[in-house]
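By convention here, the first residue in the shown sequence is residue 1.
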Amino acid sequence: MAGVGATRGSKARRAGRAIGRALHRPLRGAARQLRRATHAQGAGESGLAQLIELHAVNAAGDMMITIALASTVFFSVPTHEARGRVALYLLVTMAPFALLAPVVGPLLDRVPHGRRAAMAGAMLARALLALSMSRAVADGGLALYPAALGVLVASKAYGVVRSAVVPRLLPPRISLVKANSRVTLSGLLATGAAAPVGAGLHLIGPAWPLYGACVVFLAGTFLSFSLPHAVDSGKGEARARLAAGDGAAPAGAQGRRPGLRTVGPAVLHGLRANASLRALSGFLTFFLAFLLREHPLGGLGAAASLGLVAVAAGAGNALGTAVGAWLRARGPEPIIAAVLGLALSATVLAALCYEVLAVVVVPVAAAAAGLSQALAKLSLDAMIQRDVPEAVRTSAFARSETVLQLAWVVGGALGIALPLIGPLGLAVAAALVAAGAAVAVRGLLGAARHSGRPAARVG
């Protein structure tokens with residue numbers, strides 16, 4: 001009997017090794033292909049590949065925290081109570097953030113030599129806050145919200161620093177916007193991979209996605225220091241301004257202080273257009289989340305409706321990022337004008353046809369919003385690259401990101417406040433885009449016609 005048991009054990013071990021080899025080969029091959037893609041065109045030598053991988057880790061951790069919060073604040077209670085909880089979440093987290101966000105850019109200007117430490121600090125802070133939130137996530141008590149505010153501030157601080165870091169890690173063969181596109185795409189892929197993992201952890205218990213986020217962010221803390229030392233170089237940098245008279249130091253160019261207004265109107269028009277599209281994103285995120293929970297799309301349940309719209313928005317965002325890298329010879333101003341028209345057309349169509357064809361027009365509107373936001377942001381990056389002097393470019397990225405986040409907050413608050421009437425909400429969404437088009441399109445096209453500079457490339 002002992003011999004039979006030993007034989008069976010030997011066979012089991014051999015079978016286990018065979019299964020391990022069978023799984024190891026495709027995983028190793030996929031990892032090799034992924035590494036080859038992130039290190040292509042000199043990105044491995046410049047350090048951009050490390051930033052791409054770090055951003056993927058960041059996106060995965062943020063997704064796990066989002067799953068934990070959504071299950072507590074949104075899914076676990078009736079709709080009317082969920083709206084109150086989400087409104088409270090925005091009030092307790094976004095209102096202080098609206099006051100803190102304008103400070104992030106100037107703080108970054110003052111610490112150009114500590115960017116790796118700042119990114120590591122943002123990661124470590126979220127790891128510790130995730131552990132703190134794990135104690136309160138089950139009952140959704142008020143103790144959850146200050147920690148959520150800390151996570152939000154740390155996440156946006158990381159994003160601002162990342163925007164400032166990208167120009168320092170550019171390989172000679174990659175443009176700034178293509179580099180941003182690669183970084184963004186890595187975050188989208190990591191988000192898609194982390195979502196089912198976070199959902200699976202949530203089946204174990206409401207705190208488990210936060211435990212997973214803690215582990216991911218701890219890994220990101222160490223990865224932050226793998227970035228090249230060039231990240232911490234502040235040579236040749238100065239502060240940028242979004243408006244005149246905020247105290248930035250003179251740049252020495254004809255006695256004018258460097259800022260987004262002093263380098264031509266295109267960047268400001270592009271920022272206004274992007275702000276309207278970011279407000280649209282925030283509005284649709286919250287309005288559709290509550291609307292589809294109460295009034296699912298025809299023939300679908302609430303969860304299926306939300307999933308369909310989320311997939312459509314994510315696919316649109318990914319497609320916009322890919323198209324941005326493909327449109328290499330197109331000027332950024334006409335692209336922003338075009339995507340404003342696309343988003344406006346999609347939202348107007350959704351508002352008009354909601355009653356008869358909601359299952360089609362709502363996902364189309366979400367996909368158009370995602371695509372438009374991605375392409376418009378890449379185009380704004382191209383204009384900053386072209387029009388903002390190198391001495392203030394990294395700071396300009398930080399300031400523009402802050403404005404866009406605040407626009408998302410305003411749109412989200414509006415989405416929560418509106419009654420859950422589909423045509424009304426989508427008409428308001430169209431109005432947000434129309435406002436952006438009204439204040440930006442004419443100026444963008446005029447700037448494109450009269451600019452004497454070489455055309456910036458989107459990819």
* Trace of the side-chain contact (heavy atoms from CB on, under 4.5 Å) decision for Y158 with H55 -> CA-CA 9 Å; Y158 161 84; H55 187 64; 3.1 Å; yes
* Asked: What are the two closest heavy atoms between I67 and P209, and how far apart are they?
  -> CG2-CG, 4.5 Å
* Asked: With a cut-off of 6.0 Å (strictly less than), are more than 12 heavy atoms of other residues, nucleotides or ligands near CZ of F225?
  -> yes
* Hey, could you give me the CG/CZ distance between L223 and F217, rounded to the nearest 0.5 Å? => 12.5 Å
* Measure from the side-chain N and O atoms of T321 to the backbone N and O of L185, and report whether any donor-acceptor pair falls under 3.5 Å. => no
* Asked: Rounded to the nearest 0.5 Å, how far apart are OG of S276 and CG of L404?
  -> 10.0 Å
* Considering non-hydrogen atoms only, spot the tightest contact between A318 and L188 and give its length. => CA-CD1, 3.7 Å
* Structure fact -> Separation between CE (M63) and OG1 (T191), nearest 0.5 Å, reads 5.0 Å
* Give the minimum heavy-atom separation between C214 and A127, together with the two atoms involved. => SG-O, 3.5 Å
* Side chains of M123 and L54 in contact at under 4.5 Å (non-hydrogen atoms) -> yes
* Atom CD of Q373 and atom CG of L378: how far apart are they, to the nearest 0.5 Å? -> 10.5 Å
* Structure fact -> Distance col, row L340:CG vs I335:CD1, nearest 0.5 angstrom, shows 12.0 Å
* To do: Considering non-hydrogen atoms only, spot the tightest contact between V309 and A366 and give its length.
  => CG1-CB, 3.7 Å
* Examine distances only and state if a side-chain atom of S281 and a backbone atom of L277 form a donor-acceptor pair shorter than 3.5 Å. => no
* Structure fact -> So the salt bridge (Lys or Arg N to Asp or Glu O under 4.0 Å) pairs with at least one residue in residues 123-133 (sequence neighbours excluded) are D62-R126
* Supply the atom-to-atom distance R162 CZ to N58 CG, rounded to the nearest 0.5 angstrom. => 8.0 Å
* Asked: Among pairs that include at least one residue of residues 369-380, which meet salt bridge (Lys or Arg N to Asp or Glu O under 4.0 Å), considering only residues two or more places apart or in two chains?
  -> K377-D381, K377-E401
* Asked: Which heavy atom in V183 sits nearest to a heavy atom in I52, and how many Å separate them?
  -> CG2-CG1, 3.8 Å
* Please answer whether the main-chain N or O of V339 pairs with a side-chain N or O of S372 as donor and acceptor at a distance below 3.5 Å. => yes
* To do: Just say parallel, tilted or perpendicular for the rings of F283 and F287, cut-offs at 30° and 60°.
  => parallel
* Structure fact -> Nearest heavy-atom contact between L271 and S400 is CD1-CB, 3.9 Å
* Side-chain touch L51/M119, heavy atoms, less than 4.5 angstrom -> yes
* To do: Kindly say whether A374 contributes a backbone atom to a donor-acceptor pair with the side chain of N317 at under 3.5 angstrom?
  => no
* Tell me, with the steps shown, if V410 and L414 meet side-chain contact (heavy atoms from CB on, under 4.5 Å). => CA-CA 6 Å; V410 171; L414 183 59; 5.7 Å; no
